[in-house]
Number of protein chains: 2
Amino acid sequence: MATASQDLAELLQRHGIRVTTNRLLVLQELAREPDDATAQEIWGRLREGRATTGLATVYRTLGLLYDAGLVDTLSHHAGGEQCYRLCSETHHHHLVCDRCHRVVEVDRCDLEGWVNKAAKRHGFIATDHRVEITGVCADCRRSH
Amino acid sequence: MATASQDLAELLQRHGIRVTTNRLLVLQELAREPDDATAQEIWGRLREGRATTGLATVYRTLGLLYDAGLVDTLSHHAGGEQCYRLCSETHHHHLVCDRCHRVVEVDRCDLEGWVNKAAKRHGFIATDHRVEITGVCADCRRSH
DNA sequence: CTTCCTGCAAAGCATTTGCATCCAT
DNA sequence: ATGGATGCAAATGCTTTGCAGGAAG
């Protein structure tokens, strides 16, 4: 049986990214929790452990993972810190809770038709699209 | 007949924003061209004219206009400079050209049904949504 | 007159980069 | 071996803030 760490290593290799201790640590941190995290948060958590990883390395790694399409970035607080989040490698959208900032992926996307029509109406040819739905999640609704 | 400048002044007043020379200048600059602009670009253009407006004032003004819902912000280059753009005050979405970065508003949005269904599927109650379609505009397609 | 606005310079903060060293392949 | 990865510190660049003087109601 493959360990989680081996899975992550393979994930990197599959994307032509050299496997290093730091990269696995960052990836593990991203995989650990469903919520998103800033570069500085991830760095903080690594330092709490025995890791000596530098902040610059965390940024470099996140950039790499982003280019490979393994993480999404969301900017909750416009202009502030960027949030990173491990994501599925297929087309999907985001559902963000206004209160707790939890992010959930919406997988089934059947908007291609609508998107193409809207684009065409303005002379565009659509190549991609991105939807972000904001609202209140079940937990937050219940707890108030 | 009302001048453009008077229209802009009324726009500010209607939103409870004090009318000042600088604010009108920034608003005029935003209104002048359909493409979006960064704070620094706007500042540069004002300085090319006779204005002595400070960069800080441009930022303060844009923040004000944003809070009032008069401008949208887009961040093309994640983490880089923020782009501002005068927008209609009603619900709409964006169509962004990958090549020239032109932004067009998509007004008719009939996605509420889809959005609510997607949110409900994950236990959310949707309060808002935001769609960004990327593609290639007619001009860019023609010129290549 | 009083409150808010503005310009300037300085501060703040997230992110990037230079470089010597170290590690993966 | 050798090219890429890393830690650290310094640099960068966007944005915000403090403050004294100026404009709007």
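These numbers were taken from a predicted model, which means no experiment stands behind them. Chain naming here is simple, since letters A, B, ... match the order of the sequence lines and numbering starts at 1 in each.
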Is the distance from OP1 or OP2 of C:dG7 to the nearest side-chain N or O of B:Asn22 less than 4.0 Å?
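So the side-chain polar atoms of B:Asn22 do come within 4.0 Å of the phosphate oxygens OP1 or OP2 of C:dG7, strictly under.
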Would you tell me if any nitrogen or oxygen in the side chain of A:Thr20 comes within less than 4.0 Å of OP1 or OP2 on D:dT6?
yes
Quickly work out the [X] [atom1] to [N] [atom2] distance and round it to whole Å.
X	N	atom1	atom2	answer
B:Leu46	C:dG7	CG	C1'	14 Å
A:Leu24	D:dA5	CG	C1'	13 Å
A:Trp43	C:dT15	CH2	C1'	13 Å
A:Gln82	C:dC13	CD	P	18 Å
A:Arg18	D:dT6	CZ	C1'	12 Å
B:Tyr59	D:dT15	OH	C1'	5 Å
A:Arg23	C:dC22	CZ	C1'	14 Å
A:Gln40	C:dA14	CD	P	5 Å

Test side chain to side chain contact (heavy atoms under 4.5 Å, CB included), reference A:Leu65, set A:Leu12, A:Leu86, A:Asp72, A:Leu11, output is A:Leu12
[X], nearest nucleotide to its side chain (from [options]):
X	options	value
B:Arg47	C:dC8, C:dG7, C:dA14	C:dC8
A:Ala56	C:dG7, D:dA9, C:dA14	D:dA9
A:Leu55	D:dT6, C:dG7, C:dT15	C:dT15

Base, sugar-phosphate, or nothing: which does A:Arg60 touch, judged by heavy atoms less than 4.0 Å apart?
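Since a base atom lies under 4.0 Å of A:Arg60, the category is base.
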Students often get this wrong, so: under 4.0 angstrom with heavy atoms, is A:Thr38 touching a base, only sugar-phosphate, or nothing?
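A:Thr38: no heavy atom of the nucleic acid under 4.0 Å.
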A:Arg45/A:Glu48 salt bridge by N-O under 4.0 Å criterion
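The answer is no: the pair does not qualify as a salt bridge.
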Partner of B:His93 by side chain to side chain donor-acceptor pair (under 3.5 Å), out of B:Arg108, B:Arg130, B:Glu105, B:His129:
B:His129
Minimum side-chain heavy-atom gap A:Ile133-B:Phe124 below 4.5 Å
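They are not in side-chain contact.
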Determine whether B:Thr61 and B:Asn22 satisfy the following criterion, side chain to side chain donor-acceptor pair (under 3.5 Å), listing intermediate values before the conclusion.
CA-CA 8 Å; B:Thr61 302; B:Asn22 281 323; over 6 Å; no
Closest-nucleotide mapping onto DNA chain D: is B:Val19 or A:Gly54 further toward the 5' terminus? I mean the 5' end.
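Final value for this comparison: A:Gly54.
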